[in-house]
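Structure first, then comments.
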Amino acid sequence: HITHTTLISAYCRAGKLQEAFTLFEEFVRSGIMPNEITYSSLINGLCKAGKLLEARELLKEMQNMGFFPNHVTYTTLIDALFKSGKVQEALQLHDETVRRGLAFDTVIFSVLIDGLCKGGKLAKAREMFEKMPRLNAIPNHITYTILIDGHCKTGNIEEAWKLLDEMEKRGLKANVVTYNALINGLGKKGQIDEIVEIFNTMPKMGVIPSNVTYSIMIDTYCKKGNLQQAFALYDEMLQKQLIPNVVTFSALINGLRKNGKMLEAKDLFQKMLEKGLFPNSVIYTSLIDGFFKQGNMTAAFKLGEEMIEKGLMFDVVTYNVFINGLCNRGKINEGKELLSEMHRKGLAPDHVTYNTLIHGYCKAGNVNEAFELLDEMMRNGLMPNIVTYNTLIAGYCGLGSMDKAEELLNEMIKRGFSPD
RNA sequence: CAAGAACAAGUCUU
């Protein structure tokens, strides 16, 4: 049944879940027994397709059939839980594997460390990392890269360099992903000179910049407003036979439209489509925001319809952009209607959603409605963040209610925010 | 080399 499982896992990797399950059922019907690996492959396919519930059901099914999920099966599920933001559930499932006495290995630690880093628990991640040797799990280049990326994302580049040093001392080689994480961290801090230097030394270290490397560089130059250099890099990557993808284009398009070149942005989008690339909601949202900020509501809504025609879903950010566009043109109630639509669709609004609407109401002088939304936001488990406070304080100031503004200022300080 | 892990793009206040 190695052949059969190979086929099933190939379908799962290709995202053809339906085919994978059809094959699975056929094999079972013709008397070929699946094993742990067959189930793990299918569970992985479900996880990667975002069907976490079905994945967990399949885990139960395999147990009912008398199979024992192994550490790989659990790692797959734990990773998927982390990636969908369910940090607590992920950790619970990990506890379960510990209770069952399943093996620890480098991969499970890497998954845990990555999940903790991305969930904002860098200290815990670090703790995990430190206890690996005691449990006979040796960190490899991926484990290090995960931790380096985690530190870069919190802006602690110094610690990232230390880790790079440490991994090299242990005989592990940094690869293109490791360098990309560093370049990205430095780029987000605006350290152009530093990233150019890394970019130039990479080849000397035997590491060839990838299309991700170029996309990061391009994005950094775009955000600095240096479109010329960004496009020079785009040309360079073409010369090096690297294939720009949707992310590359979206960095460029975003750079263009934020620098007042909406027409060029739309043209480049067209060019991307002509190249046969399929647009996603990120790139549409960027263009829609650009049109709104130009005051061109018609074009913005037209792109929204185009998204729907292409079968693209509106995510939270897309909704936020529409709500913001509407609020800025004084159509706050229509914006609030979109919030209801999100609820109906089961799409969870985030801080930006509420902050946007709160800002809309404050600007209209309707502080009462703003506080209504603040209540709703908190009922939904979202505590006000620094932007919320800034918005409300500015709202009170605009009304001349300086005492109330000061009250809020004190509250935010009490809650541990430093006013900016 | 029959199953699992790492990097890039879009939105809010001042």
Side-chain angles (χ1 to χ4, degrees), chain A residues 1-10 12-13 35-45 47 70-80 105-115 117 140-150 152 175-185 187 210-220 222 245-255 280-290 315-325 327 350-359 362 385-395 420:
Chain A
H1 45 227
I2 292 182
T3 347
H4 300 99
T5 300
T6 310
L7 263 173
I8 288 174
S9 97
C12 285
R13 282 162 178 281
N35 60 15
E36 292 80 5
I37 301 183
T38 325
Y39 274 106
S40 296
S41 303
L42 286 166
I43 287 173
N44 186 38
C47 285
N70 60 19
H71 60 288
V72 176
T73 326
Y74 278 106
T75 305
T76 308
L77 278 159
I78 291 169
D79 183 49
D105 66 1
T106 304
V107 178
I108 179 61
F109 271 107
S110 300
V111 166
L112 290 166
I113 292 169
D114 188 45
C117 281
N140 63 13
H141 63 292
I142 297 186
T143 324
Y144 270 100
T145 300
I146 289 168
L147 212 50
I148 286 172
D149 182 55
C152 284
N175 65 13
V176 65
V177 179
T178 322
Y179 284 107
N180 287 346
L182 273 162
I183 292 177
N184 187 42
S210 66
N211 57 351
V212 173
T213 320
Y214 275 93
S215 298
I216 299 170
M217 301 284 295
I218 287 171
D219 184 52
T220 308
C222 281
N245 60 19
V246 184
V247 178
T248 323
F249 278 102
S250 110
L252 286 166
I253 286 169
N254 203 41
N280 61 17
S281 59
V282 172
I283 212 159
Y284 267 109
T285 303
S286 172
L287 286 167
I288 290 170
D289 189 52
D315 63 15
V316 191
V317 181
T318 318
Y319 271 103
N320 291 345
V321 164
F322 272 103
I323 292 171
N324 190 39
C327 285
D350 62 9
H351 279 103
V352 178
T353 321
Y354 284 108
N355 290 344
T356 305
L357 281 164
I358 287 171
H359 178 239
C362 283
N385 63 14
I386 181 121
V387 177
T388 321
Y389 281 114
N390 287 345
T391 308
L392 288 166
I393 289 170
D420 50 8

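Source: prediction; values computed, not measured. Residue numbers start from 1 in every chain, and the chains themselves are labelled A, B, ... in the order their sequence lines are given, proteins ahead of strands.
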Between A/T388 and A/T391, is the side-chain hydrogen bond (donor to acceptor under 3.5 Å, both in side chains) condition met? List the steps.
CA-CA 5 Å; A/T388 321; A/T391 308; over 6 Å; no

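- Looking at A/T38 and A/H4, their side chains never come closer than 4.5 Å, going by heavy atoms from C-beta outward.
- Contacts of A/T76 with the nucleic acid, taken as non-hydrogen atoms under 4.0 Å apart, involve only primed sugar atoms and P, OP1 or OP2.
- Judged by atom type and distance alone, A/N390 does not reach the base of B/U14 through any side-chain donor-acceptor pair under 3.5 Å.
- Closest approach to the A/T143 side chain among B/U14, B/A9, B/A5 is made by B/A5 (side chain taken as heavy atoms from C-beta onward).
- The CG-C1' distance, from A/L392 to B/U14, rounds to 13 Å in whole Å.
- Nearest to the side-chain atoms of A/N320 among the listed nucleotides B/A2, B/U11, B/A9 stands B/U11.
- Across the protein-nucleic acid pair, A/L7 atom CG and B/A3 atom P stand 12 Å apart, rounded to whole Å.
- Nucleotides B/G10 and B/A6 place their C1' atoms 23 Å apart, quoted to the nearest Å.
- The interatomic distance linking A/N44 (CG) with B/G4 (C1') rounds to 6 Å, in whole Å.
- The gap from the P atom of B/C1 to that of B/A5 amounts to 14 Å, rounded to the nearest Å.
- Among the heavy atoms of the strands, none lies under 4.0 Å from A/T213.
- No N or O donor and acceptor, one from the side chain of A/S286 and one from the base of B/G10, sit under 3.5 Å apart.
- Between A/I358 atom CD1 and B/U11 atom P the separation is 20 Å, expressed in whole Å.
- For A/I216, counting side-chain heavy atoms from C-beta on, the closest listed nucleotide (B/A8, B/A5, B/A3) is B/A8.
- Looking at heavy-atom distances under 4.0 Å, A/T391 makes contact with sugar-phosphate atoms alone, never a base.
- Note on A/V321: only backbone sugar-phosphate atoms sit closer than 4.0 angstrom, heavy atoms only; bases stay farther off.
- The phosphate of B/A2 (OP1 or OP2) has no side-chain N or O of A/R13 nearer than 4.0 angstrom.
- The only member of A/D79, A/N140, A/T143 that meets side chain to side chain donor-acceptor pair (under 3.5 Å) when paired with A/S110 is A/T143.
- Within the nucleic acid shown, A/I108 comes within 4.0 Å of at least one base atom, counting heavy atoms only.
- Residues A/H71 and A/D105 meet the side-chain proximity criterion, which asks for heavy atoms closer than 4.5 Å.
- One can find a donor-acceptor pair under 3.5 Å joining the base of B/A5 and the side-chain atoms of A/S110.
- When the nucleotides B/C7, B/A6, B/A5 are ranked by their closest atom to the side chain of A/N175, B/A6 comes out on top.
- Following rounding to the nearest Å, A/I253 (CD1) and B/A9 (P) show an atom-to-atom distance of 15 Å.
- Between the P atom of B/A6 and the CG atom of A/L147 lies a distance of 14 Å, rounded to the nearest Å.
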Determine, stepwise, if the pair A/H141 / A/T178 fulfils side-chain contact (heavy atoms from CB on, under 4.5 Å).
CA-CA 8 Å; A/H141 63 292; A/T178 322; 5.7 Å; no

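- The residue A/V111 sits close only to the backbone: its heavy atoms come under 4.0 Å of sugar-phosphate atoms, none of a base.
- Of the candidate nucleotides B/A9, B/C12, B/A6, B/A9 has the atom nearest to the side chain of A/V247.
- Contact of A/N180 with B/A6 (side chain to base): no donor-acceptor pair of N or O atoms is detected under 3.5 Å.
- For the C1' atoms, the distance from B/C12 to B/A8 is 23 Å, rounded to whole Å.
- Distances from the side chain of A/I142 to the nucleotides B/U11, B/A9, B/A6 place B/A6 closest.
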When you look at A/V387 and A/H351, which way does the side-chain contact (heavy atoms from CB on, under 4.5 Å) test go after all the steps?
CA-CA 9 Å; A/V387 177; A/H351 279 103; over 6 Å; no

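- Looking at A/T5 and A/S41, their side chains come closer than 4.5 Å, going by heavy atoms from C-beta outward.
- At the heavy-atom level, A/S250 lies under 4.0 Å from base atoms of the strands shown.
- On a pure distance criterion of 3.5 Å, a polar donor-acceptor pair joins the side chain of A/T285 and the base of B/G10.
- For A/N254, the side-chain atoms get nearest to B/G10 when compared with the rest of B/C12, B/G10, B/A8.
- Using a 4.0 Å heavy-atom cutoff across all strands shown, A/S41 reaches sugar-phosphate atoms only and no base atom.
- At a cut-off of 3.5 angstrom, counting only N and O atoms as typed in the model, there is a donor on one side and an acceptor on the other between the side-chain of A/T318 and the base of B/G10.
- Here the P atom of nucleotide B/U13 and the CD1 atom of A/I393 are 15 Å apart, to the nearest Å.
- Each of B/A8, B/G4, B/G10 was ranked by its minimum atom distance to the side chain of A/D315; first place goes to B/G10.
- Rounded to an integer number of Å, the gap from A/N184 CG to B/A6 C1' is 13 Å.
- Residue-to-nucleotide contacts include a donor-acceptor pair under 3.5 Å from the side chain of A/D105 to the base of B/G4.
- Residues A/V282 and A/V246 form no side-chain contact, since every pair of their non-hydrogen atoms from C-beta on lies 4.5 Å or further apart.
- Each of B/A8, B/A5, B/U14 was ranked by its minimum atom distance to the side chain of A/D79; first place goes to B/A5.
- Looking at the side chain of A/N324, the nearest of the listed nucleotides B/C12, B/A2, B/A8 is B/C12.
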